[in-house]
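What follows is one structure encoded as C-alpha cells, with my remarks underneath.
One-based numbering along the sequence shown.
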Amino acid sequence: MNVNIINGNKSFFFPGKPFNYIVEVVDQEDGSLANGDINPEEVALTIDYLAEGFDQIAIAQGHKMADISAASAKGLRLINENVCKSCHTIGQTSIGPAYQKVAEKYEANEETINMLAKKVMEGGSGVWGEAVMPANPQVEEADVKEMIRYILSLDEEKAPTNTLPVRGTFDPKEAQSNNYQGVFIARAVYTDKGANDMPPATSEEVFVLRGPQISPGKTASDKDINRFSFGPREILIAASSGSYLGYEAIDFTNITSITFTVSANSRFSRGGKIEVHLDAPDGPKIGETPMIKAKDGEFTMPPDVVKTEITKTEGWHELYVVFVNEEDGQQALMSLSGIEFGSDKKIQ
C-alpha cells in the first residue's frame, strides 16, 4: 500500500497550493485497486491537520471511524453477492425488515454483531413480526459479521465519518490560521479478504507533509556553528567561512527557491554568502545568495530576508547550507534564524 503525491513534493505542503494524490493498493490474493479488483470504498483514507496543541485523541477517533466506514463498504459488497436482497432492502420493509430499521433498533457493538450473526446463520422469527428468517449456514461467520457491520452503520446518527476518495485533490487551507507551522498526516488502511484459512489482515500506510518553514536548529550535522536560544527560538551563528548546517533528506521536487532569515551586525559579524549544496558540504551547488553585507546598528536590528532561486532538482537529497566569506577576518559571518522553501507550482 502506498499514498502517493502525484508530480508533487513529498516533504512539504505550500500555502494556497492544493496537491493531487492517489492511494495504491496491491494484494497478492485480492488483486489491485488500480485494476478494479479492490473496491475503493473498502480503503479508508484520512488527511488530518495537526497543529501544535491539536487534540490527537480527536484525530485518532476520526481514524477509527474511517476504518469502520471502509469495513462497512466490504459488508455491502458481501450483501450484494449473497441472497440477502431477496428479503431485505435498505429503506423499505419487504419480506424482512429494512436495514435502516435494524440499525435504529440495535447498538453497533461486538455483542450485538455476535448475536445478530448467530440469528442470520441459524435463522429465527418473532422479532419483526411473523416473517421467518431462514438459516444461512453456507455463509462464513466472518462474512456475516461484515454484513451486519454495514447494516448497523446505516443509522444516520451513528454513521461513521466518510473517508476521502482514493484519488483526488487536497487543499491544505486548514493550516492558514496557524501560519503553516503544523503538519498534515495522511493515513490509508485496507483489510484484505484473507486466504488459505488465514484471517483477514490489515495494512496501513502513513505519511506526513510539513509546512515549508523548517527550524534551522534541527540539523543532522553541522560544523563551526554556535547556538543561542531566545525563548522558543534558536539562533545559529556561522563562526567561520566554510561553516555549514546539514539536514536529513528533503524532497526537492517542485522546489524553486529557499529563503533565509539572517542578521549580520558589523559589531559582531562580517557577512558573506550562503550556498545551497546537495548530499554533502562540497556536493553539487544548486543555489547561492547575493553577498550579505554587515550593517551598522543595534544587535536587535530587523533581520534580512534573503531569497535564492535554486536549480531544478528532483527527488530526495540531504540539504547542506554552507556559509562562505573568502576575505580575511576574525569575526563570525552571520546569524541564521529561519529557512523557508518556496514553490511556484500551482498544482503539485
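- T289 contributes atom OG1, which lies 12.5 Å from atom CD of E309 (distance to the nearest 0.5 angstrom).
- Cluster annotation: V26 and L45 are assigned to distinct hydrophobic clusters (Ile/Leu/Val/Met/Phe/Trp/Tyr, side-chain heavy-atom contacts under 4.5 Å, transitive).
- Within the model, atoms CE of M121 and CG of N136 stand 8.5 Å from one another, a figure rounded to the nearest 0.5 Å.
- Note that CD of Q213 and CZ of F341 are 11.0 Å apart. Values are rounded to the nearest 0.5 Å.
- For S229 (side chain) and E234 (main-chain N/O), no donor-acceptor pair under 3.5 Å exists by modelled atom type.
- Going from atom CG of L152 over to atom NZ of K105 covers 12.5 Å, rounded to the nearest 0.5 Å.
- In this structure, V206 is a member of the same hydrophobic cluster as V183, with clusters built from ILVMFWY side-chain heavy atoms closer than 4.5 Å.
- Taking both residues in full, the closest heavy atoms of G329 and R270 are given as O-NH2, 3.5 Å, listed atom of the first, atom of the second, then distance.
- Listed by chain and number, the residues in a ring pair (Phe, Tyr, Trp, His ring centres under 6.0 Å) with F252 amount to none (sequence neighbours excluded).
- Surrounding CD of E327 are at most 12 heavy atoms belonging to other residues, nucleotides or ligands under 6.0 Å away.
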Open item on the list: Determine whether L278 and I286 satisfy the following criterion, side-chain contact (heavy atoms from CB on, under 4.5 Å), listing intermediate values before the conclusion.
Closed with: CA-CA 7 Å; L278 298 179; I286 61 171; 3.7 Å; yes

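- Atom OH of Y247 sits about 13.0 Å away from atom CD of E318, to the nearest 0.5 Å.
- Taking Ile, Leu, Val, Met, Phe, Trp and Tyr as hydrophobic and joining them when side-chain heavy atoms fall under 4.5 Å apart, one finds V324 in a cluster with Y244, Y320, V322.
- Not one N or O on the side chain of S263 forms a donor-acceptor pair closer than 3.5 Å with the backbone of S335.
- The two atoms that bring M291 and G271 nearest to each other are CE-C, 4.4 Å, heavy atoms only.
- More than 12 heavy atoms of other residues, nucleotides or ligands shown are found within 6.0 angstrom of CG on N109.
- For the pair E107 and T112, the tightest heavy-atom approach, listed with the atom from each and the gap, is O-OG1, 2.9 Å.
- Remark: the backbone N or O of I258 is not paired with any side-chain donor or acceptor of T308 at under 3.5 angstrom.
- No more than 12 heavy-atom neighbours from other residues, nucleotides or ligands sit within 6.0 angstrom of NZ on K223.
- Between the side chain of D304 and the main chain of V306, no donor-acceptor pair closer than 3.5 Å is present.
- Note on Y99 and M115: same hydrophobic cluster, where clusters join Ile, Leu, Val, Met, Phe, Trp and Tyr whose side-chain heavy atoms are under 4.5 Å apart, directly or indirectly.
- Linking ILVMFWY residues whenever their side-chain heavy atoms come closer than 4.5 Å, directly or via other members, places Y106 and V144 in the same cluster.
- We find the OG-CG distance between S203 and N2 to be 11.0 Å, quoted to the nearest 0.5 Å.
- No path of Ile, Leu, Val, Met, Phe, Trp and Tyr side chains, each step under 4.5 Å between heavy atoms, connects V305 with L333, placing them in separate hydrophobic clusters.
- Partners of F184 according to the ring pair (Phe, Tyr, Trp, His ring centres under 6.0 Å) rule, which considers only residues two or more places apart in sequence or in another chain, are F13, Y49, F170.
- At a cut-off of 3.5 Å, with distance as the only test, no side-chain donor of Y190 or D27 sits close to an acceptor on the other residue.
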